[in-house]
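Read through the structure below, which is laid out as C-alpha cells, and then see the notes.
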Amino acid sequence: MHFELADRCKDLSERLTAFMDERVYPAESVYEEQLREAGDPHAHPVVMEELKEEARRRGLWNLFHPDPEYGPGLSYVEYAPLAEITGRSHLGPEAVNCAAPDTGNMEVLTQFGTDEQKERWLRPLLDGEIRSAFAMTEPDVASSDATNIGLRIERDGDEYVLNGRKWWTSGAMKERCRIFIVMGKTDPDGPPHRQQSMILVPRDTPGVEVVRNLEVFGYVDNEGHAEMRFTDVRVPASNLIAGEGDGFLISQARLGPGRIHHCMRSIGAAERALELMCRRANERETFGQPVAARSNVQDWIAESRIELEMVRLLTLKTAWLIDTVGNKHARTEIAAIKVAAPDVALRVLDRAIQVHGGGGVSQDFPLARTYAHLRTLRLADGPDEVHKMTIARRELQHRVRTGAR
C-alpha cells in the first residue's frame, strides 16, 4: 500500500486548502446570517452560490467523481485526503459539489442510469444546479435490516405506483432539491435480497408529501431530514433504476465509496476540533496555569492525535482496497471504518468541548453542532451494531475455513 499522493493530488490538496482558508471559513458566519435573514432554515444562501462559482473557477469541482468524464477522475485513495479537507467545515462539501447525498446519487446514476436519466438528472446535479435526496429508512420498521422496508412500488402499465412512508430522507428540505431516489419493494414474495428496487421520483410529483422535518439533537440542519408520505405516486416505468430487484445491488455499490467520503469528512471535522482544543488550552488559565499545562488536557491532545492517525490509516487502507480489489473484497474494512471513524471523531469532539467549557456547548463554536452531526453517523448508512455483526461473521467464517492454529 502506497499512500504518497501523486503530484496532481498534492496540487489539488494545496489549492483546496487555500480555498477553505481564503473563502470557506470566512463564509461560515455570513452563511448563518443569510439563513437568519431568509427566515427559512432550509433556504439557499447567496454566499453558497458565490463559493460554488469560485470553486469552479479554481478547478475544484466534482472532486469525488472517479469518472474522468465528470470530474478529475481521482481514485478513492487520491480523493480521501480532499474529503478530509472539505469535512473541516459544514460548507466545504457543497461548495465543491461533493456533498451527501448528492455524491452517492450521482454515482448511482453514473453506474446504473439510462442515457435519459443521466441527461435529465445527472447532468444538472453535476453542474450544481439542483440537489437531490435519498429515501430508504422508514418509521414503521427497523430499517437497520433493510429487508424490512415496506414501501410498495407496483407496476401499472407504463407506470410504477408508490405507496408508503419514509423518514430521515436527508436533503429533502433543501430549497433546490428536485429529485428523490426511493428504495421500496417491487416483489414482496421474492428472495429477501431481490425484493427491493430503486426508482427516481421528482419532488413535485402528485402524492409526494413532506410530513415534517426531523431535528438532530434540537438542531435544524439546512439540508433537512424529512419524514415523507408517498400516496399513489405515479412515475413513468422508465424511472426505474437498473431492473426490478436490483435495489440491494445498487445500495451496496452506493454505500461503499460513500463511507470513505463520510469517514474522511469526519476525520477532517475532528482535526479542526483538535486545533480548536489546542488553541483554547493555550489561551485560557485555571488556578494560575495555562489549561494546556494540565496533564489530563495533554493526555486528551495526545490521545486525539494517536487515534486520528490510526483511523486515517485504516480509512486509506479501505480506499486502497476499493481501488484495487473492489467493494466486495473490502467489506470488512468498509464496515470497520464506519464504526471507527465516527467513534474517534466523537471522542475528539467531546474532549474539545470539555476544554472550551460552557463555550463548547454554545453556538459560538462549531463543536456542539458538529458533535450532533457526527453522532448521527453512528446510525446513518447502518448502525454500528450491523457493521460489527458483519465484521464478526466474516471473521468467524474465516476461522472456520482456515482452522485454529
Side-chain angles (χ1 to χ4, degrees), residues 31-32 34-45 48 90 93-94 99-106 108-109 117 120-121 124-125 128-143 146 148-154 159-185 196-236 239-241 247 251 254 258 369 372-373 376-377 379-381:
Y31 184 92
E32 297 302 326
Q34 290 181 355
L35 274 183
R36 285 192 293 270
E37 291 174 354
D40 177 3
H42 310 297
H44 187 70
M48 179 54 72
H90 65 288
E94 185 177 359
D102 295 332
T103 48
N105 291 344
M106 285 189 269
V108 165
L109 288 168
Q117 291 169 352
R120 184 175 180 188
W121 301 115
L125 282 168
E129 296 172 356
I130 65 172
R131 298 294 306 273
S132 63
F134 184 65
M136 179 174 175
T137 306
E138 297 182 2
D140 297 325
V141 298
S143 300
N148 286 335
I149 287 171
L151 181 139
R152 288 300 311 277
I153 304 175
E154 298 177 283
E159 296 179 315
Y160 280 100
V161 183
L162 285 73
N163 282 283
R165 298 172 66 203
K166 294 289 183 181
W167 70 345
W168 296 108
T169 305
S170 298
M173 303 300 295
K174 287 286 284 189
E175 187 179 281
R176 294 194 170 192
C177 180
R178 296 291 183 272
I179 187 69
F180 297 94
I181 293 182
V182 182
M183 186 168 177
K185 284 188 176 177
Q196 299 80 10
S197 301
M198 289 193 188
I199 196 163
L200 291 158
V201 180
R203 194 178 195 274
D204 59 0
T205 306
V208 175
E209 177 189 358
V210 175
V211 177
R212 59 174 175 151
N213 181 60
L214 296 164
E215 298 177 357
V216 178
F217 285 100
Y219 289 104
V220 178
D221 289 340
N222 178 249
E223 71 272 16
H225 307 284
E227 180 180 342
M228 309 288 303
R229 184 178 290 117
F230 296 80
T231 306
D232 295 329
V233 174
R234 290 181 171 269
V235 297
N239 281 24
L240 190 73
I241 301 175
S251 68
R254 182 185 193 277
R369 181 183 289 273
H373 171 72
T376 65
L377 287 185
L379 297 166
D381 289 352

Pairing residues for [X] by the salt bridge (charged side-chain N to carboxylate O under 4.0 Å, His left out) criterion, not counting sequence neighbours:
| X | result |
| --- | --- |
| Glu94 | Arg131, Lys174 |
| Arg229 | Glu209 |
| Arg254 | none |
| Glu32 | none |

Output all residues satisfying side chain to side chain donor-acceptor pair (under 3.5 Å) with [X], sequence neighbours left out; order by chain, then residue number.
| X | value |
| --- | --- |
| Asp204 | none |
| Asp140 | Arg165 |
| Glu215 | none |
| Glu175 | none |

| query | Is the backbone N or O of Met136 less than 3.5 Å from a side-chain atom of Lys166, with the two atoms forming a donor-acceptor pair by type? | reply | yes

| field | Which residues share a side-chain contact (heavy atoms from CB on, under 4.5 Å) with Ala372, sequence neighbours left out | value | Val216, Phe217, Tyr219

| field | Contacts of Val141 that satisfy side-chain contact (heavy atoms from CB on, under 4.5 Å) - sequence neighbours left out | value | Glu138, Ser143, Asn148

| Partners of His225 by ring pair (Phe, Tyr, Trp, His ring centres under 6.0 Å), sequence neighbours excluded? | Trp168

| remark: Those residues at least two apart in sequence (or on a different chain) that pass ring pair (Phe, Tyr, Trp, His ring centres under 6.0 Å) with His90 are Tyr31

